[in-house]
A.B. asks: 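First the structure, then my questions, so here it is.
Because the structure is predicted, anything quoted here is derived from the model rather than measured. Sequential numbering from 1 along the given sequence is applied to the chain's residues.
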Amino acid sequence: MLNTINPISVSEQAQYLAERIGGDLIKGINADVIYDVLITVGPPNIVFENAAKFVKAKKRVCYWVVEGILTAVGRRRARSVQCDMSVAPSAAVKKWMEESDIHIDYIVPHEIIPPNVESRNNGRAVYVAGVYSRKWPQWGLQVIKMTDKLDAYYKAEVSLEPFMHYVHFLEGFGVKKLDVVPKDKHYEFLSQYSAFASLSASEGFGLYIREALAMKMNVVAVTHEAYWDVSTHPCFYPVPHRDVVYAVAPRDDAYDEYRTWDPAVYVEALMKALERPCPAALELKKHYDVMKTLIYQLLK
């Protein structure tokens with residue numbers, strides 16, 4: 001299995017998937033090895049393209065991780081390799097890929113590492129995200145200014161040096177830095193809060209949202225196909241989106257999607273989420289057992 005992007009959440013999922021299906025996480029491209037199955041995890045970036053050119057495998061599984069429709073470069077790279085099986089983690093990713101004429105065979109959601117704690121209900125909400133503009137849209141930052149019930153943190157999932165001007169901008173809204181920690185410590189931090197208030201304008205899947213629900217935390221988030229399997233959960237408070245726009249990101253594989261919403265409507269949903277305890281934790285499912293079965297079928 002080859003992970004093609006660096007954010008902590010995707011790296012964790014690649015490692016967890018490898019463990020669950022009995023595979024190995026490849027740290028670098030080795031052109032001398034012929035793999036039975038190569039699972040490429042990520043978007044069609046330059047690492048993906050190099051894997052298609054130089055890694056030898058009997059079968060190839062493309063497990064796409066994108067947060068918007070592909071650019072012309074992204075489409076060319078996605079088509080440059082013959083995927084024996086193409087998988088998406090959500091209905092959102094399936095839609096984006098198929099809008100770019102890349103067929104998806106299956107939706108296999110990411111699995112959540114089981115939390116070891118439950119929410120302690122302190123009457124406050126929390127939001128944590130990497131330093132990407134789609135995670136901190138202007139209308140989301142307005143929400144922070146409109147309520148004193150929300151604590152917001154940015155995580156250094158990648159090197160912050162190229163983003164320092166943006167970090168200072170976020171800190172002007174009261175967003176604080178949170179160090180990257182092991183998953184159990186991450187859960188312990190989130191469990192201090194009553195609700196997870198996602199301010200992200202777009203998601204490919206939404207790991208934090210599912211982690212929060214698994215800890216019996218209420219979740220407030222904009223309506224999105226990324227949450228197709230949890231949006232009817234009793235602890236999920238959807239905020240209707242108004243518009244969907246795309247922007248050129250500082251990469252060449254996909255356009256970032258941005259969903260807009262009314263900050264006042266968001267705050268209203270947040271107040272409701274803080275008033276009511278979450279009655280039931282999200283039931284965790286072993287989605288990677290499905291992936292393992294599909295891979296075995298490929299090898300027959």
Side-chain angles (χ1 to χ4, degrees), residues 9 90-92 109-129 134-155 173-176 178 183-242 259-285 287:
S9 58
S90 70
H110 295 318
E111 274 194 24
I112 303 303
I113 297 173
N116 55 355
V117 289
E118 286 190 358
S119 169
R120 295 196 287 270
N121 298 313
N122 70 345
R124 298 187 61 79
V126 64
Y127 176 55
V128 182
R134 67 180 179 276
K135 305 289 187 181
W136 302 94
Q138 292 284 1
W139 45 97
L141 293 172
Q142 289 177 45
V143 170
I144 298 175
K145 289 295 188 181
M146 292 172 67
T147 176
D148 61 358
K149 297 288 187 180
L150 173 58
D151 297 330
Y153 297 86
Y154 65 87
K155 287 183 76 173
F173 283 84
V175 182
K176 293 169 282 191
L178 187 67
K183 184 60 72 175
D184 59 340
K185 299 297 182 183
H186 165 73
Y187 282 143
E188 288 178 9
F189 172 78
L190 291 183
S191 72
Q192 302 174 70
Y193 291 89
S194 302
F196 186 83
S198 175
L199 302 179
S200 177
S202 182
E203 291 285 352
F205 181 69
L207 281 174
Y208 281 177
I209 284 174
R210 289 163 173 83
E211 291 172 350
L213 290 172
M215 287 188 289
K216 292 184 70 173
M217 294 176 68
N218 288 327
V219 167
V220 184
V222 65
T223 52
H224 202 290
E225 293 87 348
Y227 319 131
W228 64 285
D229 58 334
V230 300
S231 59
T232 58
H233 191 279
C235 303
F236 189 93
Y237 291 75
V239 177
H241 70 270
R242 297 191 294 195
R259 296 199 173 191
T260 69
W261 66 81
D262 184 335
V265 173
Y266 191 103
V267 171
E268 182 180 354
L270 178 57
M271 293 304 105
K272 290 179 181 177
L274 291 175
E275 291 169 1
R276 308 167 187 171
C278 175
L282 177 68
E283 181 181 351
L284 300 185
K285 298 179 180 179
H287 300 295

A.B. asks: Heavy atoms, side chains only, cut-off 4.5 Å: are Phe189 and Val128 in contact?
C.D. replies: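 A side-chain contact under 4.5 Å exists here.
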A.B. asks: Heavy atoms, side chains only, cut-off 4.5 Å: are Val126 and Leu190 in contact?
C.D. replies: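 Heavy-atom side-chain distance check passes, below 4.5 Å.
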A.B. asks: Angle class for the Phe236/Tyr227 ring planes (parallel below 30°, perpendicular above 60°, tilted otherwise)?
C.D. replies: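 Geometry flag for Tyr227 against Phe236: tilted rings.
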A.B. asks: Using side-chain heavy atoms (C-beta onward) and a distance below 4.5 Å, is Pro115 in contact with Leu284?
C.D. replies: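 The answer is yes, as the side chains (C-beta and beyond) meet within the 4.5 Å cut-off.
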A.B. asks: Quick one: are Asn218 and Leu274 in side-chain contact, heavy atoms under 4.5 Å?
C.D. replies: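 No, every pair of side-chain atoms sits at 4.5 Å or beyond.
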A.B. asks: Salt-bridge test for Lys135 and Glu203: reply yes if a basic N is under 4.0 Å from a carboxylate O, no otherwise.
C.D. replies: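 Counted as a salt bridge, because a side-chain N and a carboxylate O are separated by less than 4.0 Å.
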A.B. asks: For the residue pair Trp139 and Arg242, establish whether any side-chain heavy-atom pair is separated by less than 4.5 Å.
C.D. replies: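 No, too far: nothing below the 4.5 Å cut-off.
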A.B. asks: Quick one: does Met217's side chain get under 4.5 Å of Tyr208's, heavy atoms only?
C.D. replies: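 With C-beta onward as the side chain, the pair stays apart.
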A.B. asks: Hey, which of Tyr154, Tyr127, Phe173 is the one that makes ring-ring contact (aromatic ring centres under 6.0 Å, His included) with Trp136?
C.D. replies: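 That would be Tyr127.
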A.B. asks: If you define the side chain from C-beta out and look only at heavy atoms, does anything of Thr260 sit under 4.5 Å from Pro137?
C.D. replies: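 No; the side chains remain at least 4.5 Å from each other.
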A.B. asks: Is there side-chain contact between Cys235 and Pro279, with heavy atoms separated by less than 4.5 Å?
C.D. replies: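 When only atoms from C-beta onward are counted, Pro279 and Cys235 do touch, with a gap below 4.5 Å.
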A.B. asks: Counting neighbours of NZ on Lys183 that are heavy atoms of other residues, nucleotides or ligands and sit closer than 6.0 Å, is the number greater than 12?
C.D. replies: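 Enclosed: over 12 neighbouring heavy atoms sit under 6.0 Å from NZ of Lys183.
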A.B. asks: Can you list the steps and then say if Phe205 with Arg210 is a side-chain contact (heavy atoms from CB on, under 4.5 Å)?
C.D. replies: CA-CA 9 Å; Phe205 181 69; Arg210 289 163 173 83; 3.1 Å; yes
A.B. asks: Rounded to the nearest 0.5 Å, what's the gap from CG on Leu150 to CG on Leu199? Could you check?
C.D. replies: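 These two atoms lie 5.5 Å from each other.
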